[in-house]
Structures are given as C-alpha cells and as structure tokens.
Amino acid sequence: EAFTGAVTTELPSYAVPLFLRIVREFEKTATHKIKKSVLKKEGIFDLSRPDPIYTLLPGGSAYEKMTPELEQQIKAGAIRF
C-alpha cells in the first residue's frame with residue numbers, strides 16, 4: 001500500500017502503472033541499455049514465467065498479485081482498466 005500511495009501521489013493518473021513485473025535482472029545491450037523490445041514481446045502478463053506480476057485493479061488501493069483467475073477476468077473483459 002505504501003508503494004501504491006507513493007506512485008499515485010507522485011505520478012499523474014495516466015502514468016501510474018497498471019501492471020508491475022518484478023525481474024531480477026534486465027537483458028542489456030553492449031552500451032548498458034535495457035532491451036525493452038524483449039520485454040514487449042514477452043507480453044504484459046504471462047503467469048507461466050517465473051517473475052511475479054502485480055496489478056492495480058480499478059478502484060484498488062494496493063497492487064495485487066496476478067492470479068490465473070484475475071488473468072481470465074481481464075482477458076474476458078470482466079475487469080476493464
């Protein structure tokens with residue numbers, strides 16, 4: 001909740017991330033830049049990957065860990081951002 005409070009206080013509403021994926025290390029280029037294209041290809045949320053994924057649901061006060069049930073609801077359109 002503290003992280004959510006800091007993000008929503010410091011960032012404009014359109015810049016608050018809806019999904020967070022925690023990774024140990026980013027793949028980098030020879031000039032130490034993060035390879036963002038690799039992250040884009042991997043998708044927003046893929047629960048088969050070992051990295052934990054969290055989402056800030058509409059009206060939520062804290063990020064919640066993504067579950068298969070939440071993933072299905074989002075893909076089905078039951079939860080809209």
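Position 1 is the first residue of the sequence; numbering continues from there. Side chains included, hydrogens not; waters and symmetry mates left out as well; all remaining heavy atoms used. Nothing here was measured: the structure is a model prediction, and the numbers come from that model.
Residue pairs meeting the salt bridge (charged side-chain N to carboxylate O under 4.0 Å, His left out) criterion with at least one partner in residues 47-64, sequence neighbours excluded, are Arg21-Asp51, Glu42-Arg49. Sequence neighbours left out, the pairs with a member in residues 57-81 that pass ring-ring contact (aromatic ring centres under 6.0 Å, His included) are Phe3-Tyr63, Phe19-Phe81.
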Please table the atom pairs, donor to acceptor, closer than 3.5 Å between any side-chain atom in residues 6-17 and protein atoms at least two apart or in another chain.
unit_1: Thr8; atom_1: OG1; unit_2: Thr4; atom_2: O; d: 2.8
unit_1: Thr8; atom_1: OG1; unit_2: Gly5; atom_2: O; d: 3.2
unit_1: Thr9; atom_1: OG1; unit_2: Gly5; atom_2: O; d: 2.6

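Residues passing the side-chain contact (heavy atoms from CB on, under 4.5 Å) test with Gln72, sequence neighbours excluded: none. Annotation: side-chain contact (heavy atoms from CB on, under 4.5 Å) contacts of Lys65 (sequence neighbours excluded): Pro52, Tyr54. Residues satisfying the salt bridge (Lys or Arg N to Asp or Glu O under 4.0 Å) test with Lys33, not counting sequence neighbours, are none.
For the side chain to side chain contact (heavy atoms under 4.5 Å, CB included) with Leu70, the qualifying choice from Leu47, Leu57, Ile53 is Leu57, the only one to do so.
Interatomic distance, Ile79 CD1 to Glu71 CD, rounded to the nearest 0.5 Å: 11.5 Å.
Of all heavy-atom pairs spanning Ala62 and Glu1, the tightest one is CB-CG, 3.5 Å.
At a threshold of 4.5 Å between side-chain heavy atoms, the hydrophobic network of Ile, Leu, Val, Met, Phe, Trp and Tyr places Ile22 and Leu56 in one connected group.
Between Arg80 and Ile74 there is no side-chain heavy-atom pair separated by less than 4.5 Å.
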